[in-house]
Structure formats: C-alpha cells, structure tokens
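For the single chain, residues carry numbers from 1 onward in sequence order.
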Amino acid sequence: MSRVAVIQQAPAFLDRAGTLALATAAVAEAARNGARLIVFPEAFVPGYPAWMWRLRPGPDMALTERIHARLRANSVSLASDELAPLREAARAHEATVVCGIHERDDDAGGGTLYNTVVVIGPDGSLLNRHRKLMPTNPERMVWGWGDASGLKSVDTPCGRLGTLICWESYMPLARYALYAQGIDVYVTPTYDSGERAIATMQHIAREGGCWVVSCGCAFQGRDIAGALPGGAELFRDADEWINAGDSVVVAPGGKVVAGPLREARGILYAELDLERVGMARRSLDVAGHYARHDLFQLRVDARPQQPLQLAEAPPRLAA
C-alpha cells in the first residue's frame with residue numbers, strides 16, 4: 001500500500017525558480033502526510049501556456065514573441081540540471097515525483113520547447129522523460145513533437161508506473177504501449193477537465209486494470225494576468241477559473257476514490273493497493289489473455305529521433 005498525493009496548485013507563471021520553490025514546499029507537505037508518490041500538473045514549471053488559446057495567430061504575433069521569450073528563459077534544461085531543487089526534494093523526502101515541465105532542448109537548434117513529464121525517483125535520479133507526442137491544436141505554436149523514447153514504464157517503490165500527458169490519453173495505441181509493459185499506475189498530468197475527462201480516466205482504469213492518477217491544472221485570472229506581457233488584457237476577470245482542475249484518483253475497475261477537486265487548490269490523497277491490479281485483470285487483461293497476439297501487434301519506434309546522423313567516411317583505397 002502506497003499513498004499518492006496529487007498537487008492541484010497554481011504555479012508562479014513564467015518564473016522557474018518561483019515555481020520550483022512552490023513545488024519543493026508541496027513535496028515536503030505531502031511527504032509529511034505520508035505520500036510516497038507525488039504528482040504535479042501538466043507543464044507546471046513554469047505554468048501551462050493558457051494564453052495561446054486567446055492569442056490571435058496574425059495580429060498578436062509581436063505579443064506572442066514577447067511572451068515566448070519569457071517562457072523560453074524560464075523553461076527547463078535537463079542537461080543543465082535545472083530541476084535540481086525538485087530532484088533534491090524527492091531525495092530528501094524519499095518520494096517518487098512526477099512533474100510536467102516546459103523542456104528546453106539546447107542540443108539541437110535550441111529554439112524548440114517540449115511538453116514533457118519527468119519521473120524522479122526517491123533517490124533524486126531522473127527515471128524517465130516523456131515528451132508529449134502530439135501537441136493539441138494551438139499548443140503547436142508552443143511545443144514541438146515528442147518521440148517514443150520516453151513511452152515506457154519504470155519501476156518505483158509505488159509500483160510500475162507509466163505516464164501520458166493530457167490528450168495523449170485519447171491515443172489508443174499510446175495507452176496500449178503502456179499497458180503492454182505491465183503498468184500498475186497510469187499517471188497523467190493534464191489540462192483536460194470536466195465530466196468527459198473524468199469518464200476517460202474511469203475508462204482507462206477499467207480498460208488497463210490499473211490505478212489512474214490524473215493531476216489537473218487549476219488557476220484563476222489573478223494567477224496569470226500579471227505574469228506575462230499583455231496578460232491584463234488577455235485575462236481581465238481576476239476571479240475567472242481559467243481551468244477547473246478536476247484532479248482524480250481512480251481505482252482499477254473504474255471507481256473514483258479521490259476527487260474530483262474542482263475550482264479549488266489543494267492536495268488529493270489516496271491509498272494505492274497494488275493487489276487490486278491483479279484482481280482487476282483476472283477477467284480482463286487487455287495486454288494478456290484478452291489480447292489476440294496472433295491477430296494484432298503493435299510496433300513502437302522507441303529510438304530517440306535525431307536531426308543529424310554523421311556517417312563515417314568510407315576507407316580510402318590503396319594506391
């Protein structure tokens with residue numbers, strides 16, 4: 001039995017250091033309350049780019065560039081260990097931490113950001129990095145496409161864990177790729193909310209016979225308006241819930257056991273009993289006895305996608 005904590009909290013928008021300070025404080029609080037698995041929302045560091053749903057592609061181009069410059073400056077380079085405070089918090093409190101970030105890839109081009117979820121082990125090590133495979137609608141103005149190198153499950157003290165981000169949960173093959181790796185806990189940092197989103201989490205728990213932990217973004221106009229150029233015009237109503245959150249924890253089989261936490265900030269707690277995974281799959285194991293491997297096969301190209309491959313020069317012929 002492991003306790004999970006789902007952190008539904010607004011970030012310090014476009015402020016990496018400020019958001020990491022909030023995150024480390026939340027890890028400490030959750031750990032004090034017995035949590036061994038701690039989950040943060042989609043793109044939490046330094047905040048989900050809700051402005052893109054309100055910017056006009058043509059007339060707002062100059063404003064978009066100003067906002068993006070600030071976002072890029074506060075995004076996360078894993079190569080430069082800019083998640084060190086969160087890794088240290090995970091190590092200090094011996095907790096597994098799952099967190100959504102804007103990842104900046106400085107190796108290839110340096111101008112592309114990715115919607116990334118990281119899994120940090122209780123020793124502070126980076127267990128996995130998954131980049132969102134397909135940004136949704138205007139998200140493509142912010143993020144590049146990920147590859148399948150992080151589409152994998154990892155062993156943690158809280159069970160075998162896999163992650164998908166937001167609408168990746170509507171990608172049947174991506175879900176199946178995790179089911180087929182024997183996951184116990186399906187974790188999804190997400191911007192999706194509402195009754196249909198919750199129903200999807202219940203479906204996945206039933207389909208996969210796994211625990212589902214969905215951590216939603218919840219913030220109001222006042223949380224974001226002052227953080228970005230033009231924010232006061234884009235988010236005029238301080239009390240407006242830009243996103244409602246709706247974080248939930250769903251047991252194998254589909255029963256909601258915590259949440260939904262709607263239009264509120266807080267921490268959801270739930271106990272994860274991994275014995276219930278085997279019980280749920282006794283009659284429905286979609287990657288095992290309820291699959292037809294003789295008829296259906298899924299092939300995943302899990303190689304990191306590289307922009308450049310240098311071939312060695314052929315040997316010179318002897319004179």
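- When atom types are taken as modelled, the side chain of Thr188 and the backbone of Leu164 share a donor-acceptor pair closer than 3.5 angstrom.
- Between the side chain of Arg140 and the main chain of Pro135, a donor-acceptor pair closer than 3.5 Å is present.
- In terms of heavy-atom proximity, Trp51 sits nearest to Ile224 at CE3-CD1, 3.9 Å.
- A distance of 12.5 Å separates CD1 of Ile120 from CZ of Arg91, quoted to the nearest 0.5 Å.
- For residues 224-234, the side chain to side chain donor-acceptor pair (under 3.5 Å) pairs, not counting sequence neighbours, are Glu233-Arg236.
- Judged as a ring pair (Phe, Tyr, Trp, His ring centres under 6.0 Å), and not counting sequence neighbours, the contacts of Phe13 are Phe219.
- A donor-acceptor pair shorter than 3.5 Å cannot be found between the side chains of Tyr176 and Glu207.
- Atom CG of Asp105 sits about 9.0 Å away from atom CG of Leu78, to the nearest 0.5 Å.
- Contact check on Arg131 versus Asp147 returns no salt bridge, with no Lys/Arg side-chain nitrogen under 4.0 Å from an Asp/Glu carboxylate oxygen.
- Atoms CG and CG, on Leu173 and Leu178 in that order, are 11.5 Å from each other to the nearest 0.5 Å.
- In this structure, the side chain of Thr156 engages the main chain of Cys158 through a donor-acceptor pair within 3.5 Å.
- Between the side chain of Asn243 and the main chain of Cys217, a donor-acceptor pair closer than 3.5 Å is present.
- Side-chain contacts under 4.5 Å among hydrophobic residues (ILVMFWY), followed directly or transitively, place Met171 together with Leu133.
- The ring-ring contact (aromatic ring centres under 6.0 Å, His included) analysis of residues 240-287, with sequence neighbours excluded, yields no pairs.
- Qualifying ring pair (Phe, Tyr, Trp, His ring centres under 6.0 Å) partners for His130, counting only residues two or more places apart in sequence or in other chains: none.
- Counting only residues at least two apart or in different chains, ring-ring contact (aromatic ring centres under 6.0 Å, His included) contacts with residues 14-37 are absent.
- Between the side chain of Arg206 and the backbone N or O of Gly254, no donor-acceptor pair lies under 3.5 Å.
- Of all heavy-atom pairs spanning Ala280 and Pro252, the tightest one is CB-CB, 3.6 Å.
- Looking at residues two or more places apart in sequence or on another chain, you find no salt bridge (charged side-chain N to carboxylate O under 4.0 Å, His left out) involving Glu263.
- Side-chain contact check for Pro46 versus Asp15: every heavy-atom pair is 4.5 Å or farther apart.
- Between the side chain of Glu103 and the backbone N or O of Val118, no donor-acceptor pair lies under 3.5 Å.
- The shortest heavy-atom contact between Ala177 and Val300 is CB-CG2, 4.2 Å.
- Although no hydrogens or angles enter the test, the distance criterion places a donor-acceptor pair under 3.5 Å between the side chain of Arg54 and the main chain of Leu234.
- Of the possible donor and acceptor atoms, one in the side chain of Asp246 sits under 3.5 Å from a partner among the backbone N and O of Gly194.
- Note: Ser80 OG to Arg104 CZ = 6.5 Å, rounded to the nearest 0.5 Å.
- A donor-acceptor pair shorter than 3.5 Å can be found between the side chains of Arg160 and Ser153.
- At least one side-chain heavy atom of Tyr179 sits under 4.5 Å from a side-chain heavy atom of Ile204.
- Side-chain contact between Asp223 and Arg265 is present, with at least one heavy-atom pair separated by less than 4.5 Å.
- Arg32 meets the salt bridge (charged side-chain N to carboxylate O under 4.0 Å, His left out) test with no other residue; sequence neighbours excluded.
- Across all their heavy atoms, Thr96 and Pro122 have their closest contact at OG1-CD, 3.5 Å.
- A side-chain donor-acceptor contact under 3.5 Å links Thr190 to the backbone of Asp192.
- Sequence neighbours left out, the pairs with a member in residues 278-292 that pass side chain to side chain donor-acceptor pair (under 3.5 Å) are Arg292-Asp294.
- Rounded to the nearest 0.5 Å, atoms OG1 (Thr24) and CD (Glu88) are 10.0 Å apart.
- Atom OH of Tyr170 sits about 10.0 Å away from atom CZ of Arg175, to the nearest 0.5 Å.
- Under the 4.5 Å side-chain criterion, counting only non-hydrogen atoms from C-beta, Thr136 is not in contact with Cys166.
- Looking at Ile101 and Ser75, their side chains never come closer than 4.5 Å, going by heavy atoms from C-beta outward.
- Nearest approach of Val250 to Ala205, heavy atoms of both residues: CG1-CB, 3.6 Å.
- Under the side chain to side chain donor-acceptor pair (under 3.5 Å) criterion, the residue pairs touching residues 58-68 are Arg56-Asp60, with sequence neighbours excluded.
- Under the ring pair (Phe, Tyr, Trp, His ring centres under 6.0 Å) criterion, Phe44 pairs with Phe40, not counting sequence neighbours.
- Between the Gln8 side chain and the Ser247 main chain, a donor and an acceptor come within less than 3.5 Å of each other.
- In terms of heavy-atom proximity, Val6 sits nearest to Ser214 at CG1-O, 3.9 Å.
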(request) With salt bridge (Lys or Arg N to Asp or Glu O under 4.0 Å) as the test, would you mind laying out the steps for Asp301 and Arg299 before giving the verdict? (result) CA-CA 7 Å; Asp301 185 353; Arg299 183 182 68 86; 5.2 Å; no
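- Sorted by first and then second residue, the pairs that involve residues 74-105 and meet ring-ring contact (aromatic ring centres under 6.0 Å, His included), not counting sequence neighbours, are His102-Trp143.
- Between Ser2 and Leu37, every side-chain heavy-atom pair lies at or beyond the 4.5 Å cut-off.
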